[in-house]
A.B. asks: 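I am attaching a structure below and will ask some questions about it afterwards.
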Amino acid sequence: MIGSRSGKWLFPIVCVALANGFSGPAPAQTVRARTSPARTSPAESVASVQHGVQLVETGRCKEALPLLERGLPLVTEKTLRYQAEIAIVRCAMALDQEQTAADTLFLLERESPGNPEALYVETHLFSEMGMRAAQELQAKAPGSYQARRLQAEGLESQGKNDEAAAIYREILKENPKIPGIHYRLGQIDLALAGDSGTMDAAKQEFEEEVAVDPTNASAEFILGELARRKGDWDEAIRHFSRAAELDAGFSEAYLALGMSLTASGKYAAAKPPLEHYVKLEPDDPAGHYQLALAYSHTGDQAGAQREMALQAQAAARNKSTDTTQGHAVQQ
Amino acid sequence: MSRTMSRYPGFLSRRQFLGAATASAIGLGSSRFAQALASSAQPYFEAIAAERSGIAWSHTAGLSPQMYLPETVGAGCAFLDYDNDGWMDIYLVNSGPCDFYQPAVPLRNALYRNNRDGTFTDVTAKAGVPGNAYGMGVAVADYDRDGLPDLFVSQYPNSILYHNNGDGTFTDVTAKAGVGAPGWGTSAVWFDYDNDGLLDLFVCRFADFDKEKNVWCGGHGPGERYYCKPNVYQPMPSWLFHNKGNGTFTDVSRESGIAASLAKAWGVVAADLNNDGWMDLFVGSDTAPNPLFINQGKGRFVDNGLLAGVAYNPFGVARSGMGVDAADYDEDGWIDLFVANVDHEMYSLYHNNHNGGFDDVSLRTPIANITRLMSGWGLKFFDYNNDGDLDLVIANGHPDLEIQAHHPELRYLQPMLLFAQNQGKWTDVSAQAGPAFAQPIAGRGLALGDFDNDGAVDVLVSTNNGAPLLLKNRAAHENHWLGLRLVGAKSNIDAIGAKVTWQSGDLTRHRSKVGGGSYLSSHDPRMVLGLGPRKQIDWVEVEWPQPGGGKERFTGLPVDRYITLIEGSPGWK
């Protein structure tokens, strides 16, 4: 039901939402039903909710929604609660009651974690909400850079990189200091470079992004990675250090920093970031392997052996090689 | 990782980054063709057609719908002078009968005698070296010190040792020698691990495999099956055979420590990596850590691959190690390593740190990016233009015939690569190497040898299910050279492990004679010392391997010809 009237918008918005790490409102634990407990007996509530679910099945949302909202708090039977919650979400969206839909969805997520239907409905809900917000943005501020940026991101998600880049550049022409735009252009340059192109254009965009937004840890990381790939360890170390400084939870920055330090023979300096990384990501063999190298080269053979054992355990758990595509994927 | 991904919109994970190539390997072939055609300069290498060379033999893989893995990985080739006439002959390995394959027509390996005029004659029948199972590779050495090169042919499910009788024939002495190596033998190398002056034998073993253990990979619809990536098979220990000096060998795999490391071993090279006078081993292993067997003396090896930094990629994950080689390319006195991997893994150039560790420096060279979408097998460091600097040649080809259907960015057939090196700086010169280096092939084995004795080292490449390529070197003719045949007296007769230093005016270079290297293949045992434009050589110093171990300096040497230096004998022949 949801999204059926917005088919042409749905997928771009979904893609953009996903690409931007759209994570939705507050966590489920903080959500509570908006309606007050009903002054009815549990038996009456069950009957009311069952009736509401039936009404929804016949498309009578206006009648069903009050019954469902009133009855749900006193329903304890799991299956019926699940059916009621799904029905509330669908009807609330159909009736433009987005807050009700979102609150109930988080309740559903908490009570039925990992349920495919719930996740499916959730996807549609946020797609729909995204679509509506996008329409509103377009209607109320069509010339704003935010509206144009959203349009460009939609084009990017459809693979129309050239068109997207043109819009990004227009935005920058008007206001060169807007954060995030050079970053998007850098990402497009990376995509365009693909398997055969130079990364110089991308590098320039990420450098400009850092100039505009010195707190962009992701841009710093990518600059570090570009340097690492060239074996320019000093530059890689500088960027990875900065990325780690900007965000202490950015685990890959610590690994990349440690790797660059070991690769440049600075084993002692590599130990702190790698020790931090293995605490953040104990299941990644990479950290243990690099830390073992650092320990080994600084005379701590016991530490090296310990990390090697952890590396072997982690690698066995992962059961993978770095060949994500090589030889084709096994079934 | 997922948390990081969500925190940073559009952030590329490290593996995505690794997958985002910066150079095109696939387009390389066609662009090289254009460059080769446009160039008026003579290409560095010229492919000698079968009609000219007389090498009409072709490899038959026995490709089957069951897609048994051995079908796609063979086979090897060798340059050897089996009749001691001073001219390199050629040996080529073929498939053969085994539990998963019964050839419709008999298949055989091939021995081609060098006619000394650029042509070869097939003498396999007379020599009696046809192989008798599913052939993989070949390793040549004079294991019994009778002055004649012998042939070890690795096969599935049993290997063969052919003893050279000195009359143009060989005898299968496998049973007597005790080197049958039951299992899937791949590359092999002769080297003297215990410094007793006798050449011992290391044989790579690939995974635990037989017909019943064949795994179905891919879908069950038409065209959906493909050759398995080896991670579906279990690793196995390789073999080390100790030469007892009486024509027999003892399997010392277990007591030497070799068997303690399980691998899926494709390639091997023997070299003294820590300059302690004992030969070590580096093994290319597929989806399992690359072993680096450091010789402890007293017959013991310790696999130090992990801490040396050569076992895994920087992320602590095993790559698909295949062909390997070892050489001190940067002239710092310490031998470096190379291993080819499969697509999306890049090949690794491991620089020796002088402290037991190695750094993969390929990212600082064009090698990493150019090989990002390639899969490498036979390879060898050598000085293709005799300027005194070591260069590198690599034969490539994806192991899965259907790879392009699954991954459009990849190709089954891939061109060869030639990298020139100068003072540690590497340059891709494949486009100048000629049409042979633009031609996509299913490259597998690769052997070096100067088949026309002009001092320009030529290249022999075996292809899977195809004819071999004989590439005549035309790049070295403007430079001078000296060819050495080293003969050990106290030390092993093939002088494997010898270190040679030479001085020619302002040029000082040194080179170690490593054992094996490449993939399933064996090389011209002679060394060619490049002099560049210098017209004379001041001296050559040979440090013989143990147990000889002496240093001898030779002066008054000629140039632009081959000579023989015998341990303990003054002068040259």
Side-chain angles (χ1 to χ4, degrees), chain A residues 19-21 23 180 183-184 187 190-191 193-199 217-218 221-222 225 228-232 247 249-252 255-256 259 262-263 265 281 284-290 292-293 296-297 301 304 308 311 314-315 318-331, chain B residues 1 3-15 17-24 26-27 217-219 226-229 231-232 287 306-307 309 312-320 342-345 353 355 357 359-361 363-364 368-369 372-373 375 399-400 403 406-407 409-410:
Chain A
N20 285 284
S23 55
Y183 186 90
R184 295 296 342 145
Q187 292 285 4
L190 284 179
D195 287 343
S196 58
T198 171
M199 299 290 175
S218 191
F221 181 90
I222 293 179
E225 186 64 15
R228 190 184 75 83
R229 291 175 58 137
K230 285 185 171 175
D232 187 345
D247 185 349
F250 193 173
S251 62
E252 294 226 9
L255 174 65
M259 285 172 62
T262 57
E281 304 284 354
D284 186 355
H288 297 296
Y289 177 67
Q290 288 290 327
L293 291 178
S296 172
H297 285 279
Q301 298 309 323
M308 275 300 172
Q311 183 274 341
N318 287 353
K319 281 192 177 301
S320 66
T321 76
D322 201 48
T323 312
T324 52
Q325 296 170 74
H327 288 294
V329 180
Q330 304 299 320
Q331 287 204 338
Chain B
M1 302 306 145
R3 190 166 60 89
T4 303
M5 292 290 285
S6 65
R7 288 160 69 99
Y8 293 95
F11 167 79
L12 283 175
S13 78
R14 63 172 188 246
R15 283 177 174 78
F17 240 111
L18 286 171
T22 56
S24 170
I26 296 311
C217 291
Y226 46 75
Y227 283 94
C228 290
K229 182 176 178 178
N231 58 3
V232 300
T287 66
L306 301 176
L307 294 180
Y312 292 112
N313 74 358
F315 298 111
V317 178
R319 286 190 264 202
S320 298
V342 299
D343 57 275
H344 294 89
E345 294 181 343
N353 287 339
N355 60 1
D359 281 337
D360 185 350
V361 297
L363 279 171
R364 298 176 220 174
N369 282 330
R372 194 177 294 273
L373 297 182
S375 301
D400 180 8
I403 189 63
H406 306 293
H407 294 280
E409 78 278 19
L410 302 178

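Quick note on labels: first sequence line is chain A, next is B, and so on, each numbered from 1.
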A.B. asks: Kindly give the heavy-atom pair with the smallest separation between Leu293(A) and Leu306(B), and that separation in Å.
C.D. replies: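 So the minimum-distance heavy-atom pair works out to CD2-O, 3.6 Å.
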A.B. asks: Looking only at non-hydrogen atoms, find the nearest pair between Gly357(B) and His297(A) and report the distance.
C.D. replies: CA-CE1, 4.0 Å
A.B. asks: For the candidates Ser375(B), Gly309(B), Ala368(B), Gly316(B), which exhibits the highest count of non-hydrogen atom pairs separated by less than 4.5 Å from chain A?
C.D. replies: Gly316(B)
A.B. asks: Drop me the distance from Asp359(B)'s CG to Thr262(A)'s OG1, to the nearest 0.5 angstrom.
C.D. replies: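 Here the rounded value is 7.5 Å.
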A.B. asks: Considering non-hydrogen atoms only, spot the tightest contact between Ala292(A) and Leu307(B) and give its length.
C.D. replies: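 Closest heavy-atom pair between Ala292(A) and Leu307(B): O-CD2, 4.1 Å.
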A.B. asks: Shortest non-hydrogen contact from Pro285(A) to Val317(B)?
C.D. replies: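 Scanning both residues, the minimum pair turns out to be CG-CG2, 4.3 Å.
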A.B. asks: Considering only heavy atoms and a distance below 4.5 Å, find which of His288(A), Met308(A), Gln301(A), Gln290(A) pairs most often with chain B.
C.D. replies: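 Of His288(A), Met308(A), Gln301(A), Gln290(A), Met308(A) has the most heavy-atom pairs under 4.5 Å with chain B.
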